[in-house]
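Reading through the structure tokens given below for one structure.
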Amino acid sequence: MPELAEVYYHSSHWKAAQGERFRLAWLHDKTRCARGLASEALAGKLSSSTLLSGYTHGKRMLFAFSGSCFLEVHLGMTGSLHRMDVDYEERKHDHLALKSEASTLLFRDPRQFGKLALHETEGGKLPDWWEALPPEPHDVAFTSERFESVLKRREKAVLKGLLLQQELFPGVGNWMADEILWRARLRPDRRLGSLSQAERDALYRELRWVCRESLRIIGKDYSDPPKSWLFTHRWKDGGICPKSKLPLKRETVAGRTTCWSPEVQR
DNA sequence: GAGCCTGTTCGGGC
DNA sequence: GGCCCGAACAGGCT
């Protein structure tokens, strides 16, 4: 599930516990998600530490704790964050829990494609690598010049695969890429080099629009976008394009399940 | 029971 | 070297 706006929404569950003092309740460090992080190490760092703030960037999250300690979380395909009651009891696929006097913060991930990591910095400032992340598409720093520079030497790339590259368009995932291409009226299997300048401009415009709007709608309370979006039609068998009212097509493009509207996208 | 999957990484090929 | 692609990862759901 988690792409840009869903990640932001999940982070808000943990952010609701800002100011609470936590200790490690459990980390299953044999889970793939732990990637070598040992529960003793995490317990040592997070013994009675206060959650100061939470940040998101694309599909990444970073939670700052007192003691210059940062917990990085990536949700992968099936990860989720929850804030439960203080007496919450562990269930299958709960890999990490932090407990305060008031709540249990939980990381759950059945397929274990998610990732947990611990970072420390001098004086509690954000890690350098975090500060150096490229601008997100909805950011004011993501200018059309930035967009064009990112596209350099990628003229042979298939549009669908291009949009999924996190180092270029952090946060864009499978459904967002389909939504962007549908709004830009571009077939997902087009190569970047075949686009006219007007089509490149449309791609830039719709990329930014979908990121901004999904954050506004989904990021706030996990609402579904309106029926006018491809989002609400794309997974149903026999889905109908909200623009053309004709059947949507579903095929694998750039290795991913892709939905598009043949009459709308050229 | 087989097939599918909203993500990332890695190895191979060009 | 740079870029692209497909497979692998694991488990729940249809």
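Labels below follow one simple rule: chain letters A, B, ... track the order of the sequence lines, proteins then strands, and each chain is numbered from 1. The structure presented is a predicted model; accordingly, all values stated were derived computationally and were not measured.
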Heavy atoms from C-beta onward define the side chain here; which of C:dG11, B:dG7, C:dC4 lies closest to that of A:Gln112? C:dG11
Linking Ile, Leu, Val, Met, Phe, Trp and Tyr by side-chain heavy atoms under 4.5 Å, what else ends up with A:Val158? A:Val253, A:Trp260
With sequence neighbours left out, the residues meeting ring-ring contact (aromatic ring centres under 6.0 Å, His included) with A:Phe65 are none
In whole angstroms, how far is the P atom of B:dG7 from the CG atom of A:Leu163? 12 Å
Using a cut-off of 4.0 Å on non-hydrogen atoms, how would the nucleic acid contact of A:Ala254 be classed: base, sugar-phosphate, or nothing? nothing
Separation of atom CZ in A:Arg154 from atom C1' in C:dG1, rounded to whole Å: 14 Å
Looking at side-chain heavy atoms only, is the closest gap between A:Leu71 and A:Leu96 below 4.5 Å? yes
Could you state the atom-to-atom distance from CZ of A:Phe231 to P of B:dT6 in whole Å? 13 Å
Parallel, tilted or perpendicular: which one describes the rings of A:Tyr222 and A:Tyr9, with boundaries at 30° and 60°? tilted
With A:His119, which residues qualify under ring-ring contact (aromatic ring centres under 6.0 Å, His included), at least two apart? A:Trp129
What is the nucleic acid contact for A:Arg234, judged by heavy atoms within less than 4.0 Å: base, sugar-phosphate only, or nothing? nothing
Grab the CG-P distance between A:Leu151 and C:dC3 for me, whole Å please. 12 Å
At a cut-off of 3.5 Å, list every protein nitrogen or oxygen paired with a nitrogen or oxygen from nucleotides 8-14 of chain B, distance to 0.1 Å.
unit_1: B:dT8; atom_1: OP1; unit_2: A:His74; atom_2: NE2; d: 2.9
unit_1: B:dT8; atom_1: OP2; unit_2: A:Lys59; atom_2: NZ; d: 3.1

For Watson-Crick and G-U wobble pairs within 3.5 Å on both distances, what is DNA chain C written in dot-bracket notation, | included for inter-strand pairing? .||||||||.||||
Sequence neighbours excluded - salt bridge (Lys or Arg N to Asp or Glu O under 4.0 Å) pairs with any residue from residues 15-35 of chain A: A:Glu20-A:Arg83
C:dC3 OP1/OP2 closer than 4.0 Å to side-chain N/O of A:Arg153: yes
Residue set satisfying ring-ring contact (aromatic ring centres under 6.0 Å, His included) with A:Trp209, at least two apart, ordered chain then number -> A:Trp229
Which residue pairs pass the salt bridge (Lys or Arg N to Asp or Glu O under 4.0 Å) test when at least one of the two sits in residues 91-104 of chain A, sequence neighbours left out? A:Asp94-A:Arg108
Whole-Å distance, A:Arg250 CZ to B:dC5 C1', equals 10 Å
Euclidean distance, atom OH of residue A:Tyr8 to atom C1' of B:dT6 [Å, nearest integer]: 20 Å
Under 3.5 Å, which protein N or O atoms sit close to an N or O of nucleotides 12-14 of chain C? Give each pair with its distance.
unit_1: C:dG12; atom_1: OP1; unit_2: A:His93; atom_2: NE2; d: 2.4

A:Asp109 CG to B:dC5 C1': how many Å, rounded? 13 Å
Verify the neighbour count for atom CZ of A:Phe22: are there more than 12 heavy atoms of other residues, nucleotides or ligands below 6.0 Å? yes
Those residues that, when tested against A:Ser223, pass side-chain hydrogen bond (donor to acceptor under 3.5 Å, both in side chains) (two or more places apart): A:Asp221
A:Thr143: what forms a side-chain contact (heavy atoms from CB on, under 4.5 Å) with it, not counting sequence neighbours? A:Glu145, A:Arg146
Give the rounded distance in Å between these two atoms: NZ of A:Lys156 and C1' of C:dG2. 10 Å
Between A:Thr78 and B:dG7, does any side-chain N or O lie under 4.0 Å from OP1 or OP2? no
Identify, with sequence neighbours excluded, every residue that meets side-chain contact (heavy atoms from CB on, under 4.5 Å) alongside A:Ala64. A:Leu52, A:Ser53, A:Tyr55, A:Phe70
